[in-house]
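Let me begin by presenting the structure, written as structure tokens, before commenting on it.
We use all heavy atoms of the structure for the numbers below, so side chains are in, but hydrogens, waters and symmetry mates are not.
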Amino acid sequence: MAEIQDMDQRNESSNMDLILLGLFPGIKHVHFLVSAILLIYAMALSINSMLILLIWVDSHLHTPMYFLLSQLALIDLTLISSTVPKMATDFFSGRRNISQVACGTQIFFFLTLGIAECILIALMAYDRYVAICNPLRYALIMSQRVCLQMVAISWAAGALISLTHTAYAMHFPICGSREISHFLCEVMAILKLVCEDISAYEKAVVMTSIVVLLVPLSFILSSYALIFLAIFHMQSSKGRNKALATCSSHLTVVSLYFGPAILVYMRPSSYHSPQLDQVLFMLGAILTPMLNPLIYSLRNKEVLCALKKVLGCCLTST
């Protein structure tokens, strides 16, 4: 009798689960795409971990810019880990169900990390502005305490906004199909399953997107407008080239991250399609975490020197 009750409870809970349809349902040879994503994931783990390690062990990289860069690498590492392992497990096991608690947890972490990255990238632009436009006061303005406060603000704001949206989105009743046309639990995909009028909440999502995406982006663009004015007035061509290289790397990261995010969260719901949303999420949440450390490290002589130094120490010790 107890076994029958346990089975009934298990069946009831499984009926309440959501179903993730995975990467591009119906596409042929999807295993090649999954294999490519796993390769990207392995590269992102390796490169971001290496960048964090280099910044930690090399005293020449103990500066505000590299401290913030290490936090960006940590966010990227966590962001890609919040989606790819679950997606790969579902694909290889054939089990695509996810409980509502697990779905809400994934939404919370994904939004927290995404919002924290938006804010952190904006603060990194401020760091470059102070370094180039006000170099004599750089050490005073960008003190260790200020850098820690910047990181704390990024994580705390991300967690607070994410918690609000996760709790609100998950409280809506779901009726009819419980299938999510996505490889992860995501707010906009969940809202498509809701059987209530959510027009007011969709407006709230757009307003939050304006605050989280457009305000930081406007701040970044304003900072770089002032930075480029200062660069063009520099007398030293060496200093000008170094500043331009650093700024171009940062602006590349900005376009890679903000572009897909704006297209996902600031389009009207009527213009959303599962296929396009999956492509945008793959760009923003899977490809960008691998590209960010490459963009910063391959074009940065100080990071490359630190890498050569660490590799040299490893070779001599063996």
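Linking Ile, Leu, Val, Met, Phe, Trp and Tyr whenever their side-chain heavy atoms come within less than 4.5 Å puts Leu61 and Met124 in one cluster. If you chain together hydrophobic residues whose side chains sit under 4.5 Å apart, Ile75 and Leu148 fall into the same group. Taking hydrophobic clusters as Ile, Leu, Val, Met, Phe, Trp and Tyr residues chained together by side-chain heavy-atom distances below 4.5 Å, Ile161 does not share a cluster with Val215. One hydrophobic cluster, built from ILVMFWY side chains closer than 4.5 Å, holds both Ile174 and Tyr168. Cluster membership check: Leu276 shares its hydrophobic cluster with Met188, using side-chain heavy-atom separations under 4.5 Å among Ile, Leu, Val, Met, Phe, Trp and Tyr.
Side-chain N/O atoms of Asp58 and Tyr66 include no donor and acceptor closer than 3.5 Å.
In terms of the side-chain hydrogen bond (donor to acceptor under 3.5 Å, both in side chains) criterion, residue partners of Thr208 (sequence neighbours excluded) are, by chain and number, His165. Legend: residues meeting side-chain hydrogen bond (donor to acceptor under 3.5 Å, both in side chains) with Ser70, ordered by chain and number and at least two apart, are absent.
Using a 4.5 Å heavy-atom threshold, the side chains of Leu38 and Phe92 count as touching. At a threshold of 4.5 Å between non-hydrogen side-chain atoms, the residues Phe108 and Leu113 do not count as touching. In this structure, the side chains of Ser181 and Leu20 stay at 4.5 Å or more apart for every pair of heavy atoms. Residues Ser223 and Ile220 form no side-chain contact, since every pair of their non-hydrogen atoms from C-beta on lies 4.5 Å or further apart. Looking at His182 and Leu21, their side chains never come closer than 4.5 Å, going by heavy atoms from C-beta outward. Between Met150 and Tyr126, some side-chain heavy-atom pair lies under the 4.5 Å cut-off. When side chains are defined from C-beta on, Val151 counts as touching Leu68, because their heavy atoms get closer than 4.5 Å. Side-chain atoms of Phe91 and Phe183, non-hydrogen and from C-beta on, never get closer than 4.5 Å to each other.
Nearest heavy-atom pair, Tyr41 versus Pro85, reported as atom, atom and distance to 0.1 Å: OH-CG, 3.6 Å. Considering all non-hydrogen atoms of both residues, Phe24 and Gln278 come closest at N-OE1, 3.1 Å. For the residue pair Ser154 and Ile119, the shortest heavy atom distance occurs at OG-CG2, 3.6 Å. Across all their heavy atoms, Ile286 and Ile40 have their closest contact at O-CG2, 3.6 Å. Closest of all the heavy-atom pairs between Ile132 and Ala230 is CG2-CB, 4.1 Å. The two residues Pro216 and Leu213 make their nearest non-hydrogen contact at CD-O, 3.5 Å.
Test Thr89, Thr83, Asp90 against Lys86 for side-chain hydrogen bond (donor to acceptor under 3.5 Å, both in side chains) and you get one pass: Asp90. For the side-chain contact (heavy atoms from CB on, under 4.5 Å) with Met50, the lone residue among Leu54, Asn48, Ile52 that qualifies is Leu54.
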>> Determine whether Met290 and Ile80 satisfy the following criterion, side-chain contact (heavy atoms from CB on, under 4.5 Å), listing intermediate values before the conclusion.
In response: CA-CA 9 Å; Met290 182 198 72; Ile80 194 171; 5.7 Å; no

>> Please evaluate residues Tyr138 and Asp127 with respect to the criterion side chain to side chain donor-acceptor pair (under 3.5 Å), reporting the C-alpha separation (whole Å), side-chain torsions for both, the decisive distance (0.1 Å), and the verdict.
In response: CA-CA 8 Å; Tyr138 179 72; Asp127 169 73; 2.6 Å; yes

> Would Ile19 and Ile180 count as a side-chain contact (heavy atoms from CB on, under 4.5 Å) if you check the C-alpha gap in whole Å, the side-chain angles of each, and the deciding distance to 0.1 Å?
Replying inline: CA-CA 6 Å; Ile19 308 297; Ile180 303 174; over 6 Å; no

>> Set out, in order, the CA-CA distance, both residues' side-chain angles and the distance that settles side-chain contact (heavy atoms from CB on, under 4.5 Å) for Val254 and Ile121, then state yes or no.
In response: CA-CA 7 Å; Val254 169; Ile121 292 174; 3.5 Å; yes

>> Set out, in order, the CA-CA distance, both residues' side-chain angles and the distance that settles ring pair (Phe, Tyr, Trp, His ring centres under 6.0 Å) for Phe110 and Phe281, then state yes or no.
In response: CA-CA 11 Å; Phe110 187 84; Phe281 271 94; 5.5 Å; yes

> What's the verdict on side-chain contact (heavy atoms from CB on, under 4.5 Å) for Gln149 and Leu123, showing C-alpha distance, side-chain angles and the deciding distance?
Replying inline: CA-CA 11 Å; Gln149 288 174 343; Leu123 294 175; over 6 Å; no

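Between the side chain of Thr166 and the main chain of Leu163, no donor-acceptor pair closer than 3.5 Å is present. No donor-acceptor pair under 3.5 Å is formed between the side chain of Ser143 and the backbone N or O of Ala139.
Separating the CG atom in Leu79 from the CG atom in Asn292 is a distance of 10.0 Å, to the nearest 0.5 Å. Distance CE/Met142 to CZ/Arg137: 13.0 Å, rounded to 0.5 Å. Distance check, rounded to the nearest 0.5 Å: CZ of Arg178 to CD1 of Ile190 gives 9.0 Å. From Ser199, atom OG reaches atom CG of Leu191 across 11.5 Å, with rounding to the nearest 0.5 Å. Taking CG of Leu74 as the start and CG of Leu72 as the end, the distance is 9.5 Å to the nearest 0.5 Å. Going from atom OG of Ser82 over to atom CG of Leu111 covers 10.0 Å, rounded to the nearest 0.5 Å.
Heavy atoms of other residues, nucleotides or ligands lying less than 6.0 angstrom from OH of Tyr129 number 12 at most. Heavy atoms of other residues, nucleotides or ligands lying less than 6.0 angstrom from NE2 of His60 number 12 at most.
Remark: aromatic rings of Phe219 and Tyr224 are distant, center separation not under 6.0 Å.
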